[in-house]
2 protein chains.
Amino acid sequence: MAEDNPPRTAKARRGRPRQAEVARLAGVSQTTVSLVLGGNKQGIALHAETRARVLAAARELGYVPDPAARRLAASRNNLLGVFSFTATFPTAVEHSYYPFLVGVEQEAAAQGFDLVLFTGSSPGGAQADVPGALERVRLADGCLLLGRHAPTAALRRLVEDGYPVVHIGRRDDLSDLAWVGADYVDAGVEVMRRLAALGHRRAVLVREDDDATASIDRERGFRTGLTAAGLAGPSGGGDPVVRAVDPVAEITPDWVRERREEGVTAFVAEETDTGAVWRALLAAVDGAGLSAPDDLSLALLGSPPADLADRPEPTGFDIPRAALGAAAVRVLTALLVGAKADEPLVACAFRAGATAGPPPAAL
Amino acid sequence: MAEDNPPRTAKARRGRPRQAEVARLAGVSQTTVSLVLGGNKQGIALHAETRARVLAAARELGYVPDPAARRLAASRNNLLGVFSFTATFPTAVEHSYYPFLVGVEQEAAAQGFDLVLFTGSSPGGAQADVPGALERVRLADGCLLLGRHAPTAALRRLVEDGYPVVHIGRRDDLSDLAWVGADYVDAGVEVMRRLAALGHRRAVLVREDDDATASIDRERGFRTGLTAAGLAGPSGGGDPVVRAVDPVAEITPDWVRERREEGVTAFVAEETDTGAVWRALLAAVDGAGLSAPDDLSLALLGSPPADLADRPEPTGFDIPRAALGAAAVRVLTALLVGAKADEPLVACAFRAGATAGPPPAAL
DNA sequence: TCGGCTTGCTAATGCGCATTAGCTTCGGAG
DNA sequence: CTCCGAAGCTAATGCGCATTAGCAAGCCGA
């Protein structure tokens with residue numbers, strides 16, 4: 001396979017000029033060229049005229065440093081990795097990491113880093129955890145993790161090696177794993193505070209039967225807010241939190257009516273991947289012949305599913321995805337220089353929406 | 001596994017493992033490691049067991065090649081660059097490159113390349129045209145370009161150096177620049193063919209007063225299709241193509257009525273960044289008290305603006321953005337192995353939509 | 001017995017740059 | 001006159017890898 005490429009076409013240029021060629025033109029050494037063009041941060045004495053000659057030569061030849069060589073010599077890549085455990089750009093928009101990436105890219109650019117996208121799954125769909133997949137991220141100076149299904153073992157290994165990793169989304173299973181997350185608790189408290197301010201006295205939360213940290217946090221926010229705002233659950237004494245295994249089957253018009261009879265005027269749902277809980281709640285309220293915000297108030301702990309864009313905007317909060325992405329980058333770059341990041345929680349933005357109002361006077 | 005690295009703490013392994021460390025673990029030379037991991041394309045004899053030992057050692061240490069070093073030594077590193085001249089992930093959805101990236105990521109993954117996103121312009125707007133910004137892409141084996149405002153000079157330089165670049169979107173200003181684009185001409189012809197098949201005899205195209213290649217191509221598609229389908233322009237003999245400098249001011253209800261009196265039953269608009277032309281046409285038709293597809297037919301050469309999602313779906317075609325991204329990757333990888341790419345045009349998908357039908361019998 | 005072949009591996013080199021440790025000169029203090 | 005230090009520059013080295021040349025055995029036929 002020894003096809004020698006040196007003898008290119010006469011026209012084809014012999015590559016870009018090197019520092020050595022600039023040096024020859026300027027009558028100095030390559031070292032001097034590097035010094036001049038590199039800004040001479042080490043403060044080595046250089047004659048102004050020499051400097052000028054080098055600069056002139058560089059301009060004349062159109063010299064541009066080779067980024068690969070520069071990075072090799074400086075032993076940094078200026079690359080941040082983004083690893084997601086599903087395709088980073090899935091076709092199904094609802095699972096898209098796009099909003100996070102908006103923030104990631106902005107912050108990375110601001111800090112002078114480029115981004116490398118790794119895909120955890122192979123394209124064919126036969127993505128059964130390619131063994132070394134996660135290891136590839138070492139190519140970058142540090143890496144951001146997206147998605148819930150990070151293989152713990154592979155991850156632990158990276159972390160233990162001292163490789164800088166930041167997980168987007170709260171994550172407590174690996175003690176040394178840095179993460180950033182949305183402050184669901186605080187956001188939930190705020191929502192409950194608003195409901196109380198509107199005059200509500202009794203509320204329930206419908207959530208998935210799931211133990212994702214995000215769900216847990218949202219429930220905690222609800223409960224904390226409930227207490228803090230002086231609210232209560234149904235008068236029957238039942239738990240104000242309902243875990244729905246099958247929302248459609250459990251959150252029925254009758255269920256809504258029963259809760260109302262127990263004095264509940266505010267119904268809160270948590271955001272889920274599919275929006276199933278919120279959807280079920282809306283359907284049940286409709287089915288009961290009621291409507292928000294007149295007959296009762298609805299709130300959603302999170303953002304509504306995209307396909308419900310035509311429905312009235314839910315009262316609740318938005319997860320600041322872009323801000324989370326940016327925060328993750330900041331934590332990561334802090335790790336790169338050995339600093340410990342401070343606050344990993346990013347505040348959610350309260351969304352007034354149109355599904356909550358004062359409770360009906362009748363109740 | 002032995003802790004015989006003198007200088008390091010037992011705990012902290014400095015940085016990623018090198019080939020030299022893999023070699024030590026496997027009891028071979030760095031050369032052998034490079035051979036094994038590099039696929040040994042030079043066909044040097046290697047014992048299968050040695051190979052296995054090396055692979056095992058590499059896996060154990062989590063070895064990943066350094067892209068910069070690889071690039072420096074071999075001029076390739078399995079990385080494809082994506083460079084855009086505005087933020088790759090802009091907040092404004094209409095300028096989003098997301099749809100392209102879907103295809104780019106899929107195809108790149110399929111071909112075993114990872115992606116480097118070069119953060120071309122900073123979101124803050126601070127570094128409009130950092131001189132060397134484009135040069136950074138040389139870290140990747142080849143690069144995809146997105147966006148219209150690529151600095152021609154910097155680009156020419158890359159191309160002339162033989163660096164593989166593919167522009168997404170037709171581009172003829174740089175003779176040796178490879179590109180992929182949507183086949184607007186063919187798509188336009190198809191739309192006109194359909195209109196003719198529905199019974200229309202006279203049509204007009206409203207377009208921006210703009211010389212973007214995409215606009216030119218769409219107009220060409222319209223004209224070609226008009227002729228091919230045996231259609232004509234207004235009976236008055238005016239040009240069937242209207243360049244609207246200010247669509248809102250020019251495309252009025254009266255204008256629509258006049259064209260209809262000239263026998264025009266099909267009104268075609270081109271897609272623009274803002275959707276202004278299509279919007280103006282819809283407004284004018286409404287204003288004239290007419291409606292599509294009963295009183296006349298409307299077609300849109302391209303996709304409707306997102307905020308008009310609730311309006312009836314326009315008849316027309318969709319630009320296959322994901323397919324374009326994938327095609328761009330294929331062209332790029334072809335360039336990498338020195339092959340010349342064949343067909344840079346990707347077919348658009350006809351969209352039946354709901355704004356076109358047979359012309360009213362009265363006319 | 002020996003040259004020639006094959007098999008299996010390694011030493012050495014260089015990619016383009018940044019960095020460090022010098023090596024000259026020259027002016028001035030002693 | 002020395003001697004010293006600053007000014008002004010360069011040789012040498014290494015970053016991590018791919019690649020080339022070549023070395024050491026083992027084997028075979030003559």
Side-chain angles (χ1 to χ4, degrees), chain A residues 1-6 14-24 26-54 57-58 61-79 138-141, chain B residues 14-24 26-54 57-58 61-79 132 135-136 138-139 141 161 163:
Chain A
M1 332 225 91
E3 275 315 299
D4 282 357
N5 33 359
R14 25 189 290 120
R16 330 200 311 291
R18 318 285 157 211
Q19 284 189 349
E21 291 158 40
V22 175
R24 216 178 312 135
V28 297
S29 71
Q30 177 264 319
T31 302
T32 304
V33 173
S34 175
L35 245 26
V36 170
L37 299 180
N40 187 15
K41 301 187 194 292
Q42 38 276 313
I44 290 184
L46 280 178
H47 201 99
E49 194 236 321
T50 305
R51 206 181 108 82
R53 276 217 317 284
V54 169
L61 294 181
Y63 171 80
V64 170
D66 178 326
R70 202 204 264 287
R71 287 173 182 188
L72 219 214
S75 77
R76 276 179 53 234
N77 283 145
N78 262 292
L79 250 30
R138 289 182 191 258
L139 170 158
D141 294 336
Chain B
R14 283 275 287 168
R16 323 199 309 283
R18 315 286 158 212
Q19 283 190 349
E21 290 157 41
V22 175
R24 214 179 311 136
V28 298
S29 70
Q30 177 262 320
T31 302
T32 303
V33 173
S34 175
L35 245 26
V36 170
L37 299 180
N40 187 14
K41 300 188 195 292
Q42 37 276 312
I44 290 181
L46 281 179
H47 200 96
E49 194 236 321
T50 305
R51 203 182 110 82
R53 276 215 320 281
V54 170
L61 294 181
Y63 170 80
V64 165
D66 179 320
R70 211 183 171 86
R71 173 85 186 144
L72 192 55
S75 323
R76 68 197 149 70
N77 56 197
N78 268 317
L79 249 33
E135 292 292 334
R136 289 185 310 175
R138 291 185 191 261
L139 176 71
D141 293 337
D161 279 358
Y163 183 83

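Keep in mind that this is a model prediction, so the values were computed, not measured. Below, chains carry the letters A, B, ... as their sequence lines are ordered, and counting in each starts from 1.
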Open item on the list: Quick check on the helix from C:dT1-D:dA30 to C:dG30-D:dC1: what's the angle between its two end axes, five base pairs per end, to the nearest 10°?
Closed with: 70°
Task: Phosphate OP1/OP2 of C:dG16: any A:Arg18 side-chain N/O under 4.0 Å - done: yes
TODO: Return no unless some side-chain N or O of B:Arg70 is found under 4.0 Å from OP1 or OP2 of D:dA18.
DONE: yes
Task: Shortest non-hydrogen separation from B:Arg136 to A:Pro67 and the atoms involved - done: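 B:Arg136 and A:Pro67 have their closest heavy atoms at O-CG, 4.0 Å.
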TODO: Taking all non-hydrogen atoms of both residues into account, name the closest pair between A:Ala69 and B:Leu72 and its distance.
DONE: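 Heavy-atom minimum between the residues: CB-CD1, 3.8 Å.
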Task: A:Ser29 vs B:Gln19, nearer the 5' end of DNA chain D by closest nucleotide - done: A:Ser29
- [ ] Let me know, please, whether B:Gly27 or A:Leu72 comes out on the 5' side of the other along DNA chain C by nearest nucleotide.
- [x]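 First, find each residue's nearest nucleotide; the 5'-ward one identifies B:Gly27.
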Task: B:Arg53 atom CZ, over 12 foreign heavy atoms within 6.0 Å - done: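 More than 12 within 6.0 Å, yes.
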[X] [atom1] to [N] [atom2], straight-line distance once rounded to whole Å:
X	N	atom1	atom2	value
A:Asn40	C:dC17	CG	P	17 Å
B:Lys41	D:dC17	NZ	C1'	15 Å
B:Tyr63	D:dA18	OH	C1'	10 Å
A:Asp66	D:dG16	CG	P	17 Å
B:His47	D:dA25	NE2	P	18 Å
B:Arg16	D:dG16	CZ	P	8 Å
A:Arg53	D:dC9	CZ	P	8 Å
B:Arg138	C:dG16	CZ	P	12 Å

- [ ] Answer yes or no: is there a donor N or O on one side and an acceptor on the other, between the side chain of B:Asp141 and the main chain of B:Asn78, under 3.5 Å?
- [x] yes
TODO: Return yes if some donor-acceptor pair links the side-chain N/O of A:Arg138 with the main-chain N/O of B:Pro17 below 3.5 Å, else return no.
DONE: no
- [ ] Would you indicate what B:Val28 reaches in the nucleic acid, counting non-hydrogen atoms under 4.0 angstrom: base, sugar-phosphate, or nothing?
- [x] sugar-phosphate
TODO: Go through the structure and list residues passing side chain to side chain contact (heavy atoms under 4.5 Å, CB included) with B:Ala57, not counting sequence neighbours.
DONE: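 For B:Ala57 the side chain to side chain contact (heavy atoms under 4.5 Å, CB included) partners, ignoring immediate neighbours, are B:Val22, B:Leu25, B:Ala26.
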- [ ] Would you give the length of the straight line joining atom CZ of A:Arg71 to atom CG of A:Leu79, rounded to the nearest 0.5 angstrom?
- [x]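 So the gap between those two atoms works out to 5.5 Å.
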Task: Value rounded to 0.5 Å, distance of CG in A:Leu35 from NZ in A:Lys41 - done: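 So the CG of A:Leu35 and the NZ of A:Lys41 are separated by 11.5 Å.
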Polar atom pairs (N or O), protein with nucleotides 19-21 of chain C, under 3.5 Å:
| from | atom 1 | to | atom 2 | distance (Å) |
| --- | --- | --- | --- | --- |
| C:dT19 | O4 | A:Thr31 | OG1 | 3.4 |

TODO: For A:Ser34 and A:Thr31, test the side chains for any donor-to-acceptor distance below 3.5 angstrom and give the result as yes or no.
DONE: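 Judged by distance alone, the side chains do not pair up.
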